[in-house]
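A short write-up of the structure that comes next.
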Amino acid sequence: MTNNPEFYARDVVTVARDLIGCTVTHGPTSGVIVETEAYHDTEPACHAFVGLTARTRVLFGPPGRAYVYRSYGIHALLNAVAEPEGTGAAVLIRALEPIAGLDLMRERRGLERAEDLCSGPGKLTQALAITGADDGLSVLAAPFRLEPPADPVEFVVTPRIGISKAIELPWRYLVSGTRWASVNGPRQA
DNA sequence: CATGGGATTGACT
DNA sequence: GTCAATCCCATGC
């Protein structure tokens, strides 16, 4: 399951699908994953497309680690590294339904509405206090924890959003009808 | 060594 | 709907 490296060693698109509905925890805050995207070194939207560099070494490393990078110089984005070591692939966690530490999230975000706390990849890292310091850490051990859903979760598939290359690939997953997903880009279903 | 471009967000017109 | 903020890193001279 999600606490076994083998879970992450599989095909990255499958991992992205199976992470839907899982609970991710970082310190005292946690939420249910409602939106993910897969990235793989064989397609140009993936950072690992350029090959092994200082920036991408975590992506090519062992599965089950966190790949955290800074976007637009402002926001940290959280990924779970997938596929065997040597393949550069990861699942971007794009949105959560917050379930624990809501008041701490509100304090960190400077907002009150629960729907605004984790409804975007840059928002959830701020709410869970995930930074570049978490880059390369295992998601199987503290301060991280990942747990599978109690019951199967219905989801839909769409193209990825916010990118300019390989925009045709249907590698974005989200919980059907969720109100917790990021609101940018194409409609949910 | 200089430069350009983001897997985004929030404030403003 | 439009746009600035802000910085790391990959690329090219």
Side-chain angles (χ1 to χ4, degrees), chain A residues 8 11-17 19-20 22 24 26 31 33-61 63 65-83 87-96 98 105-137 139 155-175 178-188:
Chain A
Y8 304 92
D11 166 72
V12 67
V13 178
T14 302
V15 177
R17 183 197 68 197
L19 281 176
I20 290 294
C22 292
V24 60
H26 185 261
I33 298 172
V34 298
E35 181 180 1
T36 62
E37 288 179 358
Y39 288 86
H40 192 275
D41 62 30
T42 52
E43 47 88 13
C46 184
H47 291 170
F49 186 69
V50 298
L52 182 58
T53 66
R55 185 192 198 187
T56 63
R57 83 180 181 288
V58 174
L59 282 173
F60 284 97
R65 289 186 179 171
Y67 168 57
V68 182
Y69 77 99
R70 191 157 291 282
S71 176
Y72 293 92
I74 303 172
H75 308 285
L77 271 61
L78 172 66
N79 301 253
V81 175
E83 308 225 0
T87 299
V91 176
L92 172 67
I93 312 298
R94 287 195 56 90
L96 308 175
M105 292 183 186
R106 289 189 174 97
E107 184 179 324
R108 289 165 174 167
R109 295 274 297 127
L111 295 167
E112 290 302 315
R113 290 182 66 241
E115 291 85 352
D116 295 330
L117 295 177
C118 300
S119 56
K123 298 178 183 179
L124 71 91
T125 53
Q126 186 182 18
L128 303 211
I130 293 166
T131 69
D134 295 293
D135 187 41
L137 296 184
V139 299
F155 59 86
V156 295
V157 186
T158 81
R160 297 173 296 181
I161 61 179
I163 57 174
S164 57
K165 302 165 195 164
I167 58 176
E168 73 286 356
L169 294 174
W171 284 5
R172 174 172 177 250
Y173 289 84
L174 59 170
V175 174
T178 184
R179 67 189 170 100
W180 303 102
S182 66
V183 289
N184 305 316
R187 62 183 161 284
Q188 301 180 174

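C/dT11: Watson-Crick or G-U partner is B/dA2, with both key distances under 3.5 Å. B/dA7 is unpaired under the criterion used here, namely a Watson-Crick or G-U wobble arrangement in which both key atom distances are under 3.5 Å.
For A/R55, the side-chain atoms get nearest to C/dA10 when compared with the rest of B/dG6, B/dT9, C/dA10. Distances were taken from every side-chain heavy atom of A/S164 (C-beta onward) to each of B/dT8, B/dG6, B/dG10; the shortest belongs to B/dG6. Of the candidate nucleotides C/dC9, B/dG10, B/dA7, B/dA7 has the atom nearest to the side chain of A/R94. For A/I74, counting side-chain heavy atoms from C-beta on, the closest listed nucleotide (C/dT11, B/dT9, C/dA5) is C/dA5.
A donor-acceptor pair shorter than 3.5 Å can be found between the side chains of A/Q126 and A/R109.
Distances shown here put every side-chain N or O of A/R57 at or beyond 4.0 Å from the OP1 or OP2 atom of C/dC9. Put simply, A/R70 has no side-chain N or O that comes within less than 4.0 Å of OP1 or OP2 on B/dG6. OP1 and OP2 of B/dA7 both lie 4.0 Å or more from every side-chain N or O belonging to A/K165. Contact check, A/T53 against C/dA10: a side-chain N or O comes under 4.0 Å of OP1 or OP2.
Contact between A/I20 and A/V175 at its shortest, heavy atoms only, is CG2-CG2, 3.6 Å. Across every non-hydrogen atom of A/I93 and A/L124, the tightest pair is O-CD2, 3.4 Å. The two residues A/A66 and A/D134 have their closest heavy-atom pair at CB-O, 3.7 Å.
The interatomic distance linking A/I161 (CD1) with B/dT8 (C1') rounds to 10 Å, in whole Å. Atoms CD (A/E115) and P (B/dT9) sit 16 Å apart, rounded to a whole Å. As rounded to whole Å, 4 Å separates atom C1' of B/dA7 from atom OH of A/Y69. Rounded to whole Å, the distance from CG on A/L59 to C1' on C/dC9 is 14 Å. Here the C1' atom of nucleotide B/dT8 and the CG atom of A/L92 are 11 Å apart, to the nearest Å. Straight-line distance from the CD atom of A/E112 to the P atom of B/dG10: 14 Å, rounded to whole Å. Here the P atom of nucleotide B/dG6 and the NE2 atom of A/H75 are 16 Å apart, to the nearest Å. Put simply, NE2 on A/H47 is 12 Å from P on C/dT11, counting in whole angstrom units.
Where A/A45 and A/Q126 meet DNA chain B, the nucleotide closest to each residue was compared, and A/A45 sits on the side nearer the 5' end. Residue whose closest nucleotide on DNA chain B sits further toward the 5' end, between A/D116 and A/I163: A/I163.
Annotation: A/E107, atom CD; neighbour count of heavy atoms from other residues, nucleotides and ligands within 6.0 Å does not exceed 12. Shown here is A/L52, whose CG atom has more than 12 heavy atoms of other residues, nucleotides or ligands within 6.0 Å.
B/dA7 and C/dG1: their C1' atoms are spaced 22 Å apart (whole Å).
With its ring centre under 5.5 Å from that of the base six-membered ring and a plane angle below 30°, A/Y39 counts as stacked on B/dA7.
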